[in-house]
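For reference, the structure is listed below as structure tokens.
Just so it is clear, the values below take in all heavy atoms, side chains as well, and ignore hydrogens, waters and symmetry mates. Read the numbers this way: they start at 1 and go in the same order the structure lists the ligands and their atoms.
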Amino acid sequence: MELHGKNLIGGKAVASAAAKTFSGVAAATGEKLSPLFHEATMAEADEALALAEKAFEEYGRQPAEKIAAFLDRIAEEILKLGDELIQRAGAETGLPEARLAGERNRTVNQFKMFAELVREGSWLEVSIDHAQPERKPLPKVDLRRMLVPLGPVVVFGASNFPLAYSVGGGDTASALAAGCPVVVKAHPAHPGASEMVGRAIQNAADAMGMPKGVFSMVHGVSTESGMRLVQHPAMKAVGFTGSLQGGRALFDAAAKRPEPIPVFSEMGSTNPVFVLPDALKQNGKAIAEGLAQSATLGVGQFCTNPGLAFGCGGDEWRSFVERVSQLAGAVAPGVMLHQGISARFHEGTGKFQKVPGVRVAGKSSAEATQGRAPAMVFSTDAKTFQQQRVLREEVFGPSTLLVNCGSTQELEQIARDLPGQLTATIHGTDEDLRQHANLVAILRGKAGRLIFNQFPTGVEVCPSMQHGGPYPATTDSRFTSVGTFAIKRFVRPVCFQNFPDAALPVELRNKNSRNIWRLVDGQLTKDDC
Ligand code: NAP
């Protein structure tokens, strides 16, 4: 596919002669890649938003089967891009081919998974309460409730998943599945891969006869362009993955609008790992190996990267720190996604090194050249960790801080004081769990996913996954951005009172023609009513 570097607005490729341009950059070498990409002008962004608003009524009314077929078609169109997509994404992000091929599968399967969900239909949470005109002292009215789409959604592509959490990622798939048109702000770190996937979605929309504004994608390298999308009155929700600063700025801007809208930002997390005493004694070596592997996987550029680990004890903890450090020393420095992320990694690890009481316990033995990150292991004690708030901040990359707690009481107090997290992990034996029942209860209040004797990296896409936790991990811990429940972010409930059957949406009518699960007068059933 020959890239044109234009914005994709309502089925057209658009670039103004007055637009500012920028280039994609090869992550490994810093070289500029062709072609030039055109930032969307304000007028172009406004056009995408107006088209999304116009498309909403028509798209939101499409039968479930048609939306499902559209999602399946997007999956096919992405696959049709072939290995050119993997090559372009690889050049722009420095991610290896095998990882990107896996990510493409995940991307395609997400569309297919949402297509199945939409076809099956029970996710609409239909509830029907029949009228009881004879009820005393007051008659009961006929009430029927279901979920309906919120309206056009702005999606900010993430830099660390150029396929699965970018233009055609989970946010776009779940918003389209919910019946919401999408306007994507492409991440400037992989504009070529963004264009390819954006064009695949446009092709699918054309082929399936979808309204013009159902999908648009704009380029931008300044925060202004993203802000404009969030502030536009046509937009009804935002999906974002990235930095705490960015996610929070968008959340604040959305709250300040004359009509505030929900912002589902997935931001920073240090994903603490707690190594309990009996497990440390019995299994310390294997846990150290697992931790070193998880912390350095994919150059540490995962939101579930374990950036903190806590344990108690003298010699056993010292051996544990030594083992993790040795393993990190053997890890070759890896190419980071973009210059900004690389600069922030070096800044973050630099800050840790300046904290009195923190030592560098291990570091990749090979020299890290420009744009690469060495694996780094820091070590400190609980007192220093509790006093120096900077040590709780996420350092995005292959870095982990190991904290020696004097006692399990101290370890539990640290857990209580931690900010919200995507995940929290416990390594323990049955005996440890008996002794530390409190810790499980504390961590349940802190994290969206609790992991036992495994590691947090690797996020399965399925209905039971929860990828979202208390702030600052996300801006709304009631929702997930991974798995089928992600669709719930982009819908709201509506109740119809006393409507004639024929005027109701098909899902709420007496005849259950879609054969979905419905709560009828308090009973879950697929029967007509
Ligand atoms: P980012 O700086 O937050 O940017 C993500 C997207 O949001 C970009 O399209 C960016 O647009 C836009 N954006 C950021 N701040 C904005 C603002 N104030 N107003 C409007 N738009 C805004 O994330 P990144 O470039 O991917 O990586 C930077 C840091 O984010 C990393 O070092 C890491 O700490 C964190 N990160 C976290 C995760 C995670 O999964 N939790 C994933 C990736 C990155 P522009 O680029 O055009 O400004």
Side-chain angles (χ1 to χ4, degrees), residues 7 20 22 24-25 27 37 39-40 45 92-95 154-162 164-167 169-171 183-191 193-194 217-232 235 238-254 256 263-271 298-307 336-349 351 371 373 392-399 419-423 448 456-457 459 467-469 471-475 480-482:
N7 300 284
K20 288 189 203 147
F22 68 101
V25 173
F37 288 85
E39 279 200 72
E92 290 178 331
T93 61
L95 293 172
V154 187
V155 169
F156 286 81
S159 59
N160 60 337
F161 279 91
Y165 271 82
S166 190
V167 176
D171 286 353
V183 178
V184 174
K185 154 73 171 64
H187 198 292
H190 53 265
S194 295
M217 185 196 86
V218 296
H219 289 293
V221 283
S222 72
T223 53
E224 274 164 40
S225 52
M227 274 295 173
R228 181 148 182 118
L229 301 180
V230 171
Q231 286 165 340
H232 195 281
M235 293 292 112
V238 179
F240 169 93
T241 303
S243 64
L244 176 58
Q245 292 79 353
R248 181 63 201 240
L250 297 175
F251 178 85
D252 289 343
K256 281 196 195 119
V263 175
F264 302 101
S265 288
E266 197 253 274
M267 307 172 292
S269 197
T270 47
N271 305 295
V299 200
Q301 299 168 117
F302 292 114
C303 42
T304 51
N305 183 59
M336 296 206 89
L337 290 159
H338 63 81
Q339 298 294 330
I341 283 194
S342 168
R344 253 167 260 160
F345 175 78
H346 290 288
E347 192 188 308
T349 49
K351 272 197 217 165
R392 266 145 234 258
E393 286 173 17
E394 179 188 39
V395 177
F396 195 73
S399 153
Q421 304 287 339
L422 289 171
T423 74
T457 39
V459 181
H467 192 66
Y471 187 86
T474 56
T475 46
T480 176
S481 57
V482 175

Check your understanding: With Arg392, which residues qualify under salt bridge (charged side-chain N to carboxylate O under 4.0 Å, His left out), at least two apart?
Key -> none

Point to revise | Considering all heavy atoms, the nearest Gly220-Lys185 contact | key: O-NZ, 3.1 Å

Practice item. Determine the interplanar angle of the Phe161 and Phe302 rings, folded into 0 to 90°, and report it as parallel if under 30°, tilted if 30 to 60°, perpendicular if over 60°. Key: tilted

Revision key, fill the gap. Residues passing the ring pair (Phe, Tyr, Trp, His ring centres under 6.0 Å) test with Phe345, sequence neighbours excluded, are none

Check your understanding: Residues in ring pair (Phe, Tyr, Trp, His ring centres under 6.0 Å) with His467, at least two apart?
Key -> none

Point to revise | Parallel, tilted or perpendicular, as decided by the 30° and 60° cut-offs, for the rings of His187 and His338 | key: tilted

**Study point:** First-shell residues of ligand 1 [heavy atom, distance under 4.0 Å]
**Key:** Phe156, Ser159, Asn160, Lys185, His187, Pro188, Gly220, Val221, Ser222, Thr223, Met227, Phe240, Thr241, Gly242, Ser243, Gly246, Ala249, Leu250, Glu266, Met267, Cys303, His338, Ile341, Arg344, Glu394, Phe396

